[in-house]
Amino acid sequence: MMDQQTVDTIKRLMEWEAARTAPPEGFPHLPDMPAGRYTSQEYYDLEQQHIWKKSWLFAAHLDEVPEPGCFLQWDNAGQPLIIVHGMDGVVRAFYNTCRHRGAPVVTALRGRSPRLMCGYHNWTYKTDGELVGIPESQDFGSDFDRSCRSLIGVRCEMYGKLIYVNLDDNAVSLREWMGPIWDEWEEFGFDRMRLASRQSFDLKCNWKVAMEANMEVYHVPFIHAQTVAPLVDHKRNVNTMFPGGHARMIAPPPKNTNRETVRAIDNPPEWQSVETVGELGRTTTQSYTVFPNWVSPLSNFFIPPLIFWPTSLNTTRLELITMALDWGDGPVPDLWTEPDGKGGRRMNAIIQEDTQFGEAIQKSMESDGFKSVPLSYQEARIYSFHQNCDKMIGLDRVPAHLAVKQVIGKEWVWPNDPRVAQMERQVETA
């Protein structure tokens with residue numbers, strides 16, 4: 001949880017941000033980003049190889065594999081995996097690939113079994129991946145060593161009830177990957193939140209086009225005039241860039257907001273409030289970007305991440321998830337979707353506002369009229385995100401015509417923040 005000094009500093013920065021008439025002193029000019037970062041197959045292929053195969057990725061909630069023996073298939077990172085709740089209570093991830101002739105070990109999307117058996121030749125594995133059964137094993141000879149034929153595991157670690165995977169055996173721990181977010185999130189009760197809803201929608205645009213619509217509030221007064229704008233004061237928004245491409249946004253409601261219209265501690269919805277959430281989580285829009293594909297506002301009522309998965313250069317799968325404390329016999333919380341009248345779900349108004357331009361933007365970007373992307377100080381989180389994309393790929397691997405310049409230095413990245421000193425100086429001279 002944030003300490004009181006941090007909370008007080010952020011609240012003062014809100015007013016400082018609203019009063020400034022230019023970017024903070026010394027903040028670097030952000031060079032235009034190349035158009036090809038959204039339209040180039042070459043850059044997309046680099047992302048696939050060096051970002052998606054090396055990042056910690058949210059895969060599942062423990063409620064999806066709640067008991068020992070439960071498993072589910074997962075392939076959002078382009079590799080066929082199984083998430084398994086072991087009979088020993090440990091959650092693991094494996095490639096869904098039998099060590100015999102490559103058939104999938106499980107074909108059901110999810111299920112429960114004390115053993116995992118390939119349907120092709122009935123090779124059988126324990127839930128910890130150990131190979132324990134081979135039909136006609138004598139025909140493989142006496143020197144066949146089954147001990148080295150276990151399922152191939154994938155790095156799998158948890159934050160609260162969230163299950164993450166990483167295809168890179170040499171990756172840092174999830175805790176090191178998340179950095180300061182690991183501790184900041186403690187107040188939101190990730191270890192107590194149930195999975196309420198998980199819905200997927202396909203978008204016809206590059207994954208970064210879709211994701212970046214949720215990484216700045218510059219657009220809020222225009223496309224969210226009746227939905228988000230009454231709840232978020234984009235002028236008093238405070239952005240913080242974290243190491244590793246992560247970021248935090250905290251925006252209070254407008255000062256003239258009618259508190260009766262705001263979902264906050266003084267107007268609670270029907271479901272439970274997380275009592276450990278601090279002042280900012282209860283009274284502002286506190287949102288996090290976790291590299292590479294998680295964006296989520298967090299409050300004392302919800303953990304509702306939006307997860308963006310590239311499915312091709314110009315298509316994206318958007319997952320809309322809602323987690324909340326136990327809602328008992330009440331209505332199941334779902335922050336992002338609503339009934340479509342046909343027995344399914346559709347995106348609610350806010351998400352439709354954010355996604356409505358995606359396909360048109362992608363087509364426009366693919367035209368000869370799209371040359372580059374200039375970003376403002378308000379959009380610095382996006383630029384920082386792109387800097388980290390190139391770092392993950394390797395600065396020497398990104399062709400010069402596709403690269404962004406690494407202009408946002410460590411002095412602007414947490415725990416450093418030159419804005420605080422500038423604010424203090426202005427107070428002293430006022």
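- Taken from CD1 in Ile321 to CG in Leu306, the straight-line distance is 8.5 Å, to the nearest 0.5 Å.
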Quiz item: Stepwise, does the side chain to side chain contact (heavy atoms under 4.5 Å, CB included) test hold for Ile152 with Arg99?
Solution: CA-CA 8 Å; Ile152 295 177; Arg99 299 301 305 281; 3.7 Å; yes
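- Under a 3.5 Å cut-off, the side chain of Ser55 and the backbone N or O of Ile51 do form a donor-acceptor pair.
- Ion pairing between a basic and an acidic side chain is recognised when a charged N comes within 4.0 Å of a carboxylate O; Glu130 and Arg149 show no such pairing.
- With sequence neighbours excluded, no residue forms a ring pair (Phe, Tyr, Trp, His ring centres under 6.0 Å) with Phe201.
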Exercise. With side chain to side chain contact (heavy atoms under 4.5 Å, CB included) as the test, would you mind laying out the steps for Asn300 and Glu187 before giving the verdict?
Key: CA-CA 9 Å; Asn300 52 319; Glu187 66 183 277; over 6 Å; no
Quiz item: Run the side chain to side chain contact (heavy atoms under 4.5 Å, CB included) check on Arg248 and Ile10 step by step: do they pass?
Solution: CA-CA 11 Å; Arg248 179 186 66 214; Ile10 290 173; 3.6 Å; yes
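- Remark: Arg194 qualifies as a cation-pi partner of Trp327 under the 6.0 Å distance and 45° angle criteria applied to the six-membered ring.
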Practice problem: Report the C-alpha distance between Tyr159 and Glu157 in whole Å, list the side-chain angles of each, state the deciding distance to 0.1 Å, and finish with yes or no for side-chain hydrogen bond (donor to acceptor under 3.5 Å, both in side chains). | Solution: CA-CA 7 Å; Tyr159 184 83; Glu157 297 181 17; over 6 Å; no
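- Under the 4.5 Å side-chain criterion, counting only non-hydrogen atoms from C-beta, Lys161 is in contact with His61.
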Exercise. List the steps and the verdict of side-chain hydrogen bond (donor to acceptor under 3.5 Å, both in side chains) for Tyr377 and Glu17.
Key: CA-CA 11 Å; Tyr377 164 69; Glu17 287 280 5; 2.7 Å; yes
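- With hydrogens and angles ignored, the 3.5 Å screen pairs a side-chain donor or acceptor of Gln352 with a backbone N or O of Met347.
- A distance-only check finds no donor-acceptor pair linking the side chain of Ser296 to the backbone of Leu298 [under 3.5 Å].
- The main-chain N or O of Pro253 is found under 3.5 Å from a side-chain atom of Arg236 such that the two form a donor-acceptor pair.
- Residues Trp294 and Trp177 keep their aromatic ring centres 6.0 Å or farther apart.
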Quiz prompt | Pair Arg345-Asp334, salt bridge (Lys or Arg N to Asp or Glu O under 4.0 Å): steps then yes or no | solution = CA-CA 10 Å; Arg345 308 291 291 183; Asp334 187 343; 3.0 Å; yes
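- In terms of heavy-atom proximity, Thr127 sits nearest to Pro114 at CG2-O, 3.7 Å.
- Taking the side chain as every heavy atom from C-beta outward, Leu81 and Phe94 never approach each other to under 4.5 Å.
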Quiz prompt | Glu379/Arg381 under salt bridge (Lys or Arg N to Asp or Glu O under 4.0 Å): CA gap, chis, key distance, verdict | solution = CA-CA 5 Å; Glu379 300 163 294; Arg381 279 194 297 159; over 6 Å; no
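- A distance of 12.5 Å separates CZ of Phe188 from CZ of Phe301, quoted to the nearest 0.5 Å.
- With contacts defined as side-chain heavy-atom distances shorter than 4.5 Å, the pair Ile181/Phe242 qualifies.
- Note: Ile82 CD1 to Asn96 CG = 4.0 Å, rounded to the nearest 0.5 Å.
- Between the CD1 atom in Ile163 and the CD1 atom in Ile83 there is a gap of 6.5 Å [rounded to 0.5 Å].
- The minimum heavy-atom distance between Lys54 and Asn166, with the atom names listed, is O-ND2, 3.2 Å.
- Aromatic ring orientation, Tyr125 versus Trp123: tilted (interplanar angle from 30° to 60°).
- In this structure, the ring pair (Phe, Tyr, Trp, His ring centres under 6.0 Å) partners of Tyr38, at least two apart in sequence or on a different chain, are His386.
- Heavy atoms from other residues, nucleotides or ligands lying under 6.0 Å from CD of Glu186 number 12 at most.
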Self-check item: Criterion side chain to side chain contact (heavy atoms under 4.5 Å, CB included) on Asn348 and Thr337, from CA distance to verdict
Solution: CA-CA 5 Å; Asn348 69 12; Thr337 72; 6.0 Å; no
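- Annotation: side chain of Leu203 is not in contact with side chain of Glu359 (no heavy-atom distance under 4.5 Å).
- For Gln5, the CD atom sits in a loose shell: 12 or fewer heavy atoms of surrounding residues, nucleotides or ligands are nearer than 6.0 Å.
- Using a cutoff of 4.0 Å between basic side-chain nitrogens and carboxylate oxygens, Arg37 and Asp390 are scored as salt-bridged.
- The two residues Asn314 and Glu366 have their closest heavy-atom pair at ND2-OE2, 3.5 Å.
- Salt-bridge formation is not detected for the pair Asp340/Lys342: no Lys NZ or Arg NE/NH1/NH2 atom is positioned less than 4.0 Å from an Asp or Glu carboxylate oxygen.
- Between Asp63 and Arg198 there is no salt bridge, since none of the side-chain N atoms of the basic residue sits less than 4.0 Å from a carboxylate O of the acidic one.
- Between the Thr322 side chain and the Ala196 main chain, no donor and acceptor come within less than 3.5 Å of each other.
- Residue Leu57 holds its CG atom at 9.0 Å from CG of Asn76, rounded to the nearest 0.5 Å.
- Taking all atoms of both residues into account, the shortest heavy-atom contact from Leu167 to Ala77 is CD1-CB, 4.3 Å.
- Scanning for ring pair (Phe, Tyr, Trp, His ring centres under 6.0 Å) contacts around Phe385 gives Trp207, Phe291, with sequence neighbours left out.
- A donor-acceptor pair under 3.5 Å is absent between the side-chain atoms of Asn388 and the main chain of Ser384, judged by distance alone.
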Exercise. Go through the steps to decide whether Asp45 and Gln41 satisfy the test side-chain hydrogen bond (donor to acceptor under 3.5 Å, both in side chains), and finish with yes or no.
Key: CA-CA 6 Å; Asp45 292 343; Gln41 187 67 43; 2.9 Å; yes
Exercise. Decide salt bridge (Lys or Arg N to Asp or Glu O under 4.0 Å) for Glu15 and Lys255; before the verdict, give the C-alpha distance in whole Å, the side-chain angles of both, and the deciding distance to 0.1 Å.
Key: CA-CA 11 Å; Glu15 308 310 317; Lys255 289 187 174 181; 3.1 Å; yes
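- Atom OG of Ser150 sits about 7.5 Å away from atom CG of Asp128, to the nearest 0.5 Å.
- Judged by distance alone, the side chain of Arg92 and the main-chain N or O of Gly129 form no donor-acceptor pair under 3.5 Å.
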Exercise. Quick one: do Glu319 and Trp309 satisfy side-chain hydrogen bond (donor to acceptor under 3.5 Å, both in side chains)? Show the steps, please.
Key: CA-CA 8 Å; Glu319 283 196 294; Trp309 301 103; 3.0 Å; yes
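- Thr124 contributes a side-chain N or O that, together with a main-chain N or O of Asn122, makes up a donor-acceptor pair within less than 3.5 Å.
- Counting only distance, with no hydrogens or angles, the side chain of Thr316 and the backbone of Leu318 share no donor-acceptor pair below 3.5 Å.
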Exercise. Verify salt bridge (Lys or Arg N to Asp or Glu O under 4.0 Å) between Glu275 and Arg282, making sure each step is shown before the conclusion.
Key: CA-CA 10 Å; Glu275 71 282 355; Arg282 289 184 286 108; over 6 Å; no
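- Below 30°, between 30° and 60°, or above 60°: for Phe27 and Trp412 the angle between ring planes is above 60°, a perpendicular geometry.
- With hydrogens and angles disregarded, a donor-acceptor distance shorter than 3.5 Å links the side chain of Asp3 to the backbone of Thr6.
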